[in-house]
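Below: one structure, written as structure tokens.
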There are 4 protein chains.
Amino acid sequence: MPNTASKKKTQVSGGPERRRELLDTAAEVFAAQGYNATTVRKIADAAGMLAGSLYYHFDSKESMLDEILSTFLNELWEGYDAVLGAGLGPRETIEALVTESFREIDRHRAAVAIYQKESQHLVDQPRFGYLVESQRRFEEAWLGTLERGVADGVFRADLDVRLTYRFVRDTVWVAASWYRPGGQHSPEEIARQYLSMVLDGIAVRGPGAGGS
Amino acid sequence: MPNTASKKKTQVSGGPERRRELLDTAAEVFAAQGYNATTVRKIADAAGMLAGSLYYHFDSKESMLDEILSTFLNELWEGYDAVLGAGLGPRETIEALVTESFREIDRHRAAVAIYQKESQHLVDQPRFGYLVESQRRFEEAWLGTLERGVADGVFRADLDVRLTYRFVRDTVWVAASWYRPGGQHSPEEIARQYLSMVLDGIAVRGPGAGGS
Amino acid sequence: MPNTASKKKTQVSGGPERRRELLDTAAEVFAAQGYNATTVRKIADAAGMLAGSLYYHFDSKESMLDEILSTFLNELWEGYDAVLGAGLGPRETIEALVTESFREIDRHRAAVAIYQKESQHLVDQPRFGYLVESQRRFEEAWLGTLERGVADGVFRADLDVRLTYRFVRDTVWVAASWYRPGGQHSPEEIARQYLSMVLDGIAVRGPGAGGS
Amino acid sequence: MPNTASKKKTQVSGGPERRRELLDTAAEVFAAQGYNATTVRKIADAAGMLAGSLYYHFDSKESMLDEILSTFLNELWEGYDAVLGAGLGPRETIEALVTESFREIDRHRAAVAIYQKESQHLVDQPRFGYLVESQRRFEEAWLGTLERGVADGVFRADLDVRLTYRFVRDTVWVAASWYRPGGQHSPEEIARQYLSMVLDGIAVRGPGAGGS
DNA sequence: CATGAATGAGAATTCATTCAT
DNA sequence: GATGAATGAATTCTCATTCAT
């Protein structure tokens with residue numbers, strides 16, 4: 001949660017609409033150029049105003065990043081929590097998590113891309129402590145589900161489960177780097193194909209024996 | 001292994017040794033903090049010298065990045081070309097490319113991480129035109145092999161082949177973000193497990209029932 | 001008159017006024033210390049602001065130089081073109097060009113001094129290509145007029161005309177190195193004396209024969 | 001006179017030949033690019049050595065400049081003093097000074113060009129105090145001779161004599177900016193033509209009518 | 001709400017100079 | 001005498017941020 005209770009301004013008037021608009025613009029630029037390489041002037045240009053004017057709406061460039069990421073993560077966890085609390089089996093949970101993830105990518109493509117690129121070096125800053133917490137819950141959710149699946153015999157036991165965790169996790173999220181909302185595939189369709197690959201592999205199975 | 005041992009100087013040697021040492025140091029910092037967030041002072045600190053001194057060896061911060069990336073890509077393509085010229089079947093080619101990729105990650109972890117994070121916005125600059133060329137050859141190699149495999153009936157025909165291409169490509173390379181050389185798994189072992197997941201999936205196959 | 005009175009701000013005005021003010025200040029410092037020896041900090045000091053603030057108004061130190069020189073040359077050529085298009089005889093043209101030149105020195109003393117000192121090594125840079133063009137037109141105007149005068153019998157035929165050209169040209173422009181606007185001589189008066197020297201020489205003519 | 005008695009090195013071996021050679025090289029580069037814009041590396045390049053190596057021969061970049069200028073001025077004053085002590089009339093003295101000046105330009109073109117461009121802002125530095133002294137003697141020599149000539153009735157009395165002084169002085173010395181030794185005119189020939197222009201003017205004199 | 005102008009803390013880079021070899 | 005590697009101070013330029021209007 002980004003610094004709640006800011007001293008002054010912030011959310012005066014013009015409503016949350018304008019704020020959201022500006023954040024979307026900022027997110028787009030951050031995603032395209034990287035946070036550090038993005039100047040507030042570029043954001044302002046993209047928003048059709050001057051750099052100084054942004055400071056009426058936001059405390060700092062960092063607080064924009066903060067708000068972008070925390071908004072995204074809040075929504076993500078709303079979705080994830082719904083899935084995790086639904087009492088599904090391991091395989092169904094994985095399927096639901098992947099599908100939910102692609103929906104989030106569809107909705108927050110820029111934020112996801114920013115998260116991918118920047119979270120690594122943001123975790124050190126106290127302000128972004130919630131990223132660490134999120135990563136912990138992430139691992140808990142995915143790794144736990146995989147372990148449950150191995151125990152239940154629905155996921156292979158011959159694989160290093162941490163490696164599998166990273167494999168599945170990365171497989172989903174890097175898609176944000178090329179995904180464009182409104183493209184030919186819906187998030188659900190992409191999720192279906194990804195799941196098919198991850199669960200069953202890309203190799204054609206011989207009639208008798210599989211594996212390598 | 002970049003910059004192993006000795007945090008500071010061992011500048012006994014003169015010529016290209018020192019250069020390589022410094023580049024390894026720089027790559028490490030770039031990978032850890034991102035290119036833009038890395039100041040030359042940080043690199044110099046890590047190398048045990050003053051910021052200005054780096055300019056005796058390199059023209060600019062950008063030229064360090066350039067040399068890091070081009071050196072990596074040159075070595076990568078040496079390996080890839082050997083694989084592609086070996087006359088292997090599609091499945092064996094994929095296996096060899098993946099294995100070779102993990103070996104490169106093992107050898108150039110920092111460079112790979114940098115490539116992942118920065119190449120997207122470097123491609124616009126003429127100086128880094130070779131990145132575009134490399135990406136083209138990449139697609140040619142991976143996508144071509146996958147298509148050949150589909151035609152040969154060794155890879156599934158029911159998947160969008162471009163999606164599969166991105167899936168395999170990204171899945172392998174993002175591993176650089178968490179891989180640590182000298183860890184418990186050798187590159188070959190990681191490659192083996194990855195290939196097993198990619199080719200056969202992580203789901204246990206029921207004796208009769210397949211997919212979802 | 002550049003930067004008259006008020007050492008510091010009078011930044012009541014907004015737009016192009018301020019720009020012109022700053023350029024006048026910069027020109028003064030460039031002329032006094034040389035372009036290379038002038039730091040932007042010195043300019044900023046003279047303008048009563050911080051070095052970085054100059055970059056709100058100008059792209060670079062070089063672009064200030066550029067604007068100073070091109071503004072001067074534009075005005076110069078306006079004056080010269082008027083003279084050259086007036087259909088005067090060679091002697092009257094030379095007289096008018098010299099007079100016009102001293103007026104320009106009076107108005108743009110700093111710019112002229114900069115031009116004298118710096119143009120030689122600026123001509124190599126593409127950005128200052130207009131200097132070459134200007135020099136060409138310069139030669140065309142002065143040399144052409146002298147040649148016409150020799151042909152018409154109003155200028156001596158026994159002198160190397162290129163040497164004469166350089167003599168007249170230099171004679172006029174070096175004055176910028178010592179001329180101070182507001183001094184005891186008006187530009188027109190200086191022009192008159194210069195012309196008298198250049199046209200008739202400084203030697204008293206013997207009653208019968210002149211020359212050496 | 002440049003800082004006599006330098007602490008160490010300076011003039012060890014290799015003789016004054018090498019030293020002179022290096023100074024000539026440096027002078028050439030200073031003249032072409034300006035003192036400030038000339039890096040010691042450029043000088044070293046032109047001399048076929050590395051920048052650091054110059055410090056075996058000279059204390060500093062400034063001391064090179066110092067030695068170049070003082071050597072030139074010493075030689076100049078040797079020549080001037082010979083002229084001034086010869087007991088010539090005003091007109092003959094001017095003629096001899098101009099001729100001597102063109103000879104010096106021929107011999108020390110680079111030094112003269114440097115002197116022209118840099119002396120203005122060097123005079124402030126104590127180290128270059130001899131420039132001020134030289135300028136004083138200069139004025140004494142030229143202005144004195146002109147005044148003597150006016151008194152004697154050989155130079156025109158209707159001209160501002162200080163203006164005439166600057167006119168003659170500058171006109172001669174700026175020639176260094178375009179003069180190339182070994183060109184088609186010898187220094188003596190150029191001197192002859194210059195004197196002819198300065199003394200008698202460039203205008204053809206009507207049989208009866210004089211000036212304008 | 002937005003602008004225009006400025007601030008001030010770095011950033012990359014340059015370069016004269018030093019010095020051990 | 002010369003080299004190679006470094007130093008450290010200065011320089012140009014960038015940019016997040018402030019604030020009076």
Side-chain angles (χ1 to χ4, degrees), chain A residues 9 12-14 18 22 36-44 47-64, chain B residues 9 11-15 18-19 22 36-44 47-64, chain C residues 9 11-15 18-19 22 36-44 47-64, chain D residues 9 12-15 18-19 22 36-44 47-64:
Chain A
K9 41 190 163 181
V12 184
S13 64
R18 187 78 176 115
L22 291 171
N36 279 295
T38 298
T39 67
V40 297
R41 197 176 172 285
K42 280 179 193 163
I43 300 171
M49 49 169 52
L50 290 180
S53 309
L54 282 172
Y55 287 80
Y56 179 82
H57 302 277
F58 304 97
D59 284 344
S60 66
K61 180 183 163 189
E62 199 181 65
S63 80
M64 291 188 231
Chain B
K9 12 196 154 175
Q11 78 266 72
V12 198
S13 57
R18 187 82 178 109
R19 198 182 180 74
L22 291 172
N36 278 296
T38 299
T39 67
V40 295
R41 198 177 170 285
K42 280 179 192 163
I43 299 172
M49 47 167 48
L50 291 179
S53 308
L54 281 173
Y55 289 81
Y56 178 77
H57 302 276
F58 305 98
D59 284 345
S60 65
K61 180 182 160 189
E62 197 182 68
S63 81
M64 291 187 231
Chain C
K9 14 201 152 171
Q11 78 268 70
V12 197
S13 55
R18 188 81 178 112
R19 197 182 181 73
L22 291 172
N36 279 296
T38 299
T39 66
V40 295
R41 197 176 170 286
K42 281 179 192 161
I43 300 172
M49 48 168 46
L50 291 180
S53 307
L54 283 172
Y55 289 82
Y56 178 77
H57 302 275
F58 304 98
D59 283 345
S60 64
K61 181 183 158 189
E62 197 182 68
S63 82
M64 290 187 230
Chain D
K9 40 190 164 182
V12 186
S13 65
R18 187 78 177 116
R19 197 180 181 73
L22 291 172
N36 279 297
T38 298
T39 67
V40 298
R41 197 177 172 287
K42 279 178 192 162
I43 301 172
M49 48 168 52
L50 290 180
S53 309
L54 281 172
Y55 287 80
Y56 179 82
H57 301 276
F58 304 98
D59 283 346
S60 66
K61 180 184 163 189
E62 198 183 65
S63 80
M64 291 187 232

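These numbers were taken from a predicted model, which means no experiment stands behind them. Naming convention: chains lettered A, B, ... in sequence-line order (proteins, then strands); numbering from 1 in each chain.
Met49(B) has its CE atom 12 Å from the P atom of dG8(F), to the nearest Å. Separating the CG atom of Asp59(C) from the C1' atom of dC15(F) is a distance of 15 Å, rounded to the nearest angstrom. Atom-to-atom, CD of Glu62(C) to P of dT11(F) comes out at 18 Å; the value is rounded to the nearest Å. One interatomic measurement links the two molecules: CZ of Arg19(B) to C1' of dA6(F), which rounds to 16 Å at whole-angstrom precision. dC15(F) atom P lies 12 Å from atom CD1 of Ile43(A), rounded to whole Å. Following rounding to the nearest Å, Arg18(C) (CZ) and dA5(E) (C1') show an atom-to-atom distance of 9 Å. Separating the CG atom of Leu50(C) from the P atom of dC15(F) is a distance of 18 Å, rounded to the nearest angstrom.
Among residue pairs with one or both ends in residues 52-62 of chain C, those qualifying as side-chain hydrogen bond (donor to acceptor under 3.5 Å, both in side chains) are Glu62(C)-Gln125(C), Glu62(C)-Arg127(C); sequence neighbours excluded.
Residue Val40(B) is the one, among Thr39(D) and Val40(B), whose nearest nucleotide of DNA chain E lies closer to the 5' end (criterion: closest heavy atom). Mapped onto DNA chain F by nearest heavy atom, Leu22(B) and Lys42(C) fall at different nucleotides, with Leu22(B) at the one closer to the 5' end. With the nearest nucleotide of DNA chain F identified for both Thr38(C) and Arg41(A), Thr38(C) has the one nearer the 5' end.
Within residues 51-58 of chain C, the residues having any heavy atom closer than 4.0 Å to DNA chain F are, in order of number, Gly52(C), Tyr55(C).
Annotation: side chain of Met64(C) is in contact with side chain of Leu54(C) (closest heavy-atom distance under 4.5 Å). A heavy-atom distance below 4.5 Å is found between the side chains of Lys42(B) and Thr39(B).
Residue-level contact check: Ser63(B) touches neither bases nor backbone, having no heavy atom under 4.0 Å from any strand.
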Practice item. Return one dot-bracket line describing DNA chain E 5' to 3' (Watson-Crick or G-U wobble pairs, both distances under 3.5 Å; ( ) same strand, [ ] crossing, | another strand, . none). Key: .||||||||||||||||||||
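Checking dT13(E), dA16(E), dT17(F) against the side-chain heavy atoms of Lys61(D) singles out dA16(E) as nearest.
Closest approach of Ala51(B) to Arg41(B), counting heavy atoms only: CB-CA, 4.1 Å.
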